[in-house]
Structures are given as C-alpha cells and as structure tokens.
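Only one structure is covered here, and it is reproduced in the block below.
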Amino acid sequence: MSELGVGVIGGGSTYTPELIEGFIKRREELSVSRIVLMDIDKERLDVVGSLARRMVERAGVETEIVLTTERQAVLEGADFVVTQIRVGGLEGRAGDEKIPLEFGLIGQETTGPGGFAMALRTIPVMLDLAREMEALSPDGWLINFTNPSGLITEALNRHSQVRAIGLCNGPITMRNRIANALGVDGDCIWLDYFGLNHLAWIQRVFLGGRDITADLLAQIAKTPGQTGLLDFDFDKTLIAALGLIPSGYLRYFYHTDRVLEQMQRADRTRAEVVMEIDRELMALYKTPDLREKPKVLEQRGGAWYSAAAVALISAIANDKHEVHIVNVPNRGALKGLPDEAVVEVPALVNRSGAHPLVIGEMPLAVRGLVQAVKAYEELAVEAAVTGSREAALLALVAHPLVPTADVAEKLLDRILEANRVYLPQFERG
Ligand code: G6P
C-alpha cells in the first residue's frame with residue numbers, strides 16, 4: 001500500500017471533518033501520509049484544520065494535516081485533489097435561491113436557474129484550478145464535489161486535460177436509504193441507476209443478487225405519505241406508472257407547483273438555514289475538547305459524502321475494479337446522449353479511472369427530460385467558458401423549468417447583474 005498525498009480545495013468547509021472521518025475509517029486499506037487543506041478564508045481554515053488535527057491525533061493515525069491558503073501547495077504532486085468550493089459563498093447561494101422566485105420559478109442551489117447562476121460563477125474558477133493541476137500534478141486525480149457537480153465535471157472534461165471524476169452523495173444516500181428501510185447493510189444493495197447528477201432514477205434494485213424492484217415499488221404504492229424509500233412524497237400513481245425510483249431532486253420537475261408553493265411560503269431560503277447551521281458548527285469546532293465529527297453536521301444534506309469519496313479514492317489507489325456511481329463522460333453508456341456528455345451512472349473503477357457501464361436505452365418516459373437538461377447543461381458550460389450572452393440565453397431557454405424566452409431574457413439580465421463581480425467573462429463583449 002503506497003503512501004498517498006491528498007489535497008482538499010475548500011478545506012475550510014464545515015464538511016471537512018466528515019472527509020477526515022472517512023479517511024480515518026479506511027486507514028487499513030488507504031495509507032494517507034499528508035492531507036493538505038486549502039482555503040481562501042484563513043480563519044475558517046484554522047478552526048476546521050485544528051479540529052482535523054485533533055481527530056487524526058485521537059484516532060492515532062499518522063497523517064500530517066497541512067493548512068494553506070495557497071492553491072499551488074495543494075496541487076504540487078498531489079495524488080488526489082478533492083474540490084469542494086462554493087464561489088460566492090452562502091450569500092451567493094441565497095441569491096441563486098431567491099432570484100428565480102421573483103419570476104415565479106423554482107429557486108434551488110443546483111437545479112434550474114439557481115444552479116445555472118452557480119455554474120457561471122464556478123466553472124471559470126474550476127478551470128483555472130484544472131490548468132494549474134495539469135502543470136503541477138498531471139498524474140493526480142481530481143475528485144469533484146463542487147456543485148453543480150454534473151456541470152462542473154462536464155466543463156472539466158471538455159475544457160481541460162485533468163483526470164476528473166465527479167461525485168455526489170446522492171446515489172450512496174439513495175442506496176443507504178433503501179438498505180435502512182430493509183434493515184440490511186448498504187453493501188448488500190446493488191443499484192441499476194442512470195441519469196445526470198441530481199436528475200437520476202433507479203431502475204432496478206438487487207439484494208444479494210435478487211431483483212427486489214417489484215417488492216419495493218409495491219411497498220411504495222401501499223405506504224401512505226412519504227415512505228422511507230424516497231426522500232420526497234412523490235405522487236404514488238406516478239411512481240407506479242414510471243416503475244422507477246426517482247432521486248429527490250426530481251421533485252422540482254414532477255411536482256413543480258407543490259414545491260414552488262412551499263418555497264414561496266418559507267420565511268427563509270435553505271442557504272439562510274445553512275448559514276445558521278454553519279455558524280453553530282464553527283462555534284462547536286472551536287471547542288478544544290471536540291475531537292470527532294459532531295452530530296449537528298448531520299443537519300446538512302451531504303450525508304455519506306466522505307464514504308463516497310474515500311471509497312472511490314481507495315478503488316483507484318488500490319486498483320480495485322469496483323463499481324461506483326460517478327459522473328463521467330457517457331461514451332455510449334446511455335443511448336441518445338453525446339459521448340462527451342457527462343452522465344451519472346455506475347462505472348468500473350480501477351487505477352486507470354472510471355469506466356461507465358453500458359445502460360442502453362433510457363425509458364421513454366424520462367428520456368426527453370434527460371436530453372433536455374443535458375442540452376441546457378452543455379449550453380450553460382459554453383456560456384460559462386465563453387461569456388457568451390447568446391449561449392447563456394439559449395441555456396435558460398432550453399431548461400425545462402424556464403417557461404418562455406421572454407422570461408429567460410429578464411431572468412438572465414437579473415442573474416448577470418446580481419453576480420457581476422463573479423462573472424468577468426461576460427464583461428468582454
Ligand atoms: C445533497 C446534494 C448535494 C448538496 C446538498 C445540499 O446532499 O447531493 O449536492 O450540496 O444536498 O445540502 P445543504 O445542507 O447544503 O442544503
């Protein structure tokens with residue numbers, strides 16, 4: 001087992017202790033000599049980094065935790081670089097969630113116009129980082145958690161040479177939810193899963209080799225309200241007709257009106273709630289007695305993110321030939337999408353990377369939605385890279401949650417204005 005160097009861009013995130021815990025848990029199979037935490041916010045970095053050091057010390061793991069505000073220090077010779085940045089911070093997210101609501105549209109961190117604004121701010125920063133990584137650690141792997149994860153991974157694959165794999169806790173959370181409902185270990189469950197990041201479905205579930213999809217669908221059909229198998233109260237007739245288990249993010253498409261009404265009635269956006277959790281977490285992290293991941297962190301949506309990241313890193317480093325659900329270029333896995341389009345599918349992971357498994361045809365009932373959202377994503381990436389207003393407008397027009405070109409035009413003006421300091425690429429023309 002070789003000694004690995006891991007870098008974390010956005011290491012001052014309150015999620016970082018979760019990642020550290022993941023490495024501690026897998027210490028038998030993954031020997032990490034150095035974890036370099038990098039953040040532009042030194043104060044946060046010091047607080048989170050000190051907790052990381054206490055955790056490692058308490059676990060008796062010999063991993064050096066290095067703190068830095070310099071990106072180069074992370075990238076030089078890193079075997080794995082985990083990216084978890086939020087360009088514009090939580091204030092930026094609050095804007096992404098509020099602006100679409102002004103137009104009567106879903107305001108969400110990664111889905112719809114909110115995710116679009118986040119992608120415009122974030123893609124140039126991630127491509128900059130990728131360029132540095134190409135020079136400083138060309139053999140390293142970039143494991144991307146930065147949202148909107150699918151779009152960022154699409155940009156990295158299309159516009160850099162870096163070896164990037166996009167990751168989300170969504171698939172592992174869906175798997176573990178099913179395992180919990182059945183009272184079995186997550187590892188016993190195998191998902192036949194397809195789609196895009198935050199736009200995915202499970203088409204078959206296997207337990208110890210047995211296809212239990214029909215049993216699960218029957219259980220969903222007969223349980224009133226939201227069942228433990230789903231993370232939203234999807235319409236039961238819809239689920240039965242689809243014969244698929246949707247990711248919770250499909251609520252924005254299948255039940256737009258219901259969700260919009262909830263959003264409009266809420267006195268705070270999710271970003272504002274998260275700001276409060278974040279303040280609470282930072283205060284806790286400052287407590288010198290705290291030497292493990294605190295329970296409050298479970299109030300965030302990123303459950304299991306470290307399990308997904310560390311298992312993926314181990315599969316690459318140990319050449320495991322394991323199957324992980326990741327975001328990678330399609331290359332024929334899903335029929336009806338371009339080869340270069342990044343999709344979220346099971347992939348065989350070994351030392352040479354993540355190789356998507358062939359899924360084939362998507363069910364007709366969802367194919368059009370996936371194709372439409374992918375077209376939006378491709379246009380959004382083009383807009384973020386070129387600063388083309390036309391591409392940006394076409395991206396919004398292509399998005400199924402944006403009703404008309406008239407709305408798209410006004411929405412775009414509003415987004416570009418509100419995010420001006422983060423969007424120099426749009427100033428050129
Ligand atoms: C889920 C998604 C992540 C997202 C998170 C938001 O885990 O898969 O992509 O970042 O939810 O959680 P939050 O606590 O920030 O609302």
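Just so you know, ligand 1 is whichever comes first in the structure, and atom 1 is the first atom listed for that ligand.
Taking every heavy atom of Arg300 and a limit of under 4.0 angstrom, the matching atoms of ligand 1 come to 13 (P), 14 (O), 15 (O). Which parts of ligand 1 touch Gly302 is read off a 4.0 Å heavy-atom cut-off, strictly below it: atoms 7 (O). Near Cys168, the atoms of ligand 1 lying under 4.0 angstrom from a non-hydrogen atom of the residue are 8 (O). Which parts of ligand 1 touch Asn169 is read off a 4.0 Å heavy-atom cut-off, strictly below it: atoms 1 (C), 2 (C), 3 (C), 7 (O), 8 (O).
The pair Lys295-Glu298 counts as a salt bridge, with a side-chain nitrogen and a carboxylate oxygen less than 4.0 angstrom apart. A salt bridge links Arg121 with Asp96: the distance from a Lys NZ or Arg NE/NH1/NH2 to an Asp or Glu carboxylate oxygen falls below 4.0 Å. Between Arg367 and Glu361, at least one side-chain N (NZ, or NE/NH1/NH2) sits under 4.0 Å from a carboxylate O, which counts as a salt bridge.
Residue contacts with ligand 1 for Arg93 involve side-chain atoms from C-beta outward but no N, CA, C or O (heavy atoms, distance under 4.0 Å). Of the heavy atoms in Tyr249, only side-chain atoms (C-beta onward) come closer than 4.0 Å to ligand 1.
Atom NZ of residue Lys293 and atom OG1 of residue Thr14 lie 12.0 Å apart, to the nearest 0.5 angstrom.
For the pair Glu276 and Arg268, the minimum side-chain heavy-atom distance is below 4.5 Å. For the pair Thr269 and Lys98, the minimum side-chain heavy-atom distance is below 4.5 Å. Counting heavy atoms from C-beta outward, Phe116 and Thr110 have side chains that stay 4.5 Å or more apart.
Annotation: atom 7 (O) of ligand 1 to nearest protein heavy atom, Gly301 O, 2.4 Å. Here the heavy atom of the protein found nearest to atom 16 (O) of ligand 1 is Arg270 NE, 2.7 Å. For atom 6 (C) of ligand 1, the nearest non-hydrogen atom of the protein is Glu109 OE1, 3.7 Å.
Judged by the shortest distance from any of its heavy atoms, Thr110 lies outside the 4.0 Å radius around the atoms of ligand 1.
Between Gln299 and ligand 1, no pair of N/O atoms sits closer than 3.5 Å. Looking at Asn147 next to ligand 1, an N or O pair under 3.5 Å apart turns up.
Ring to ring, Phe194 and Trp201 are close: their centroids are under 6.0 angstrom apart.
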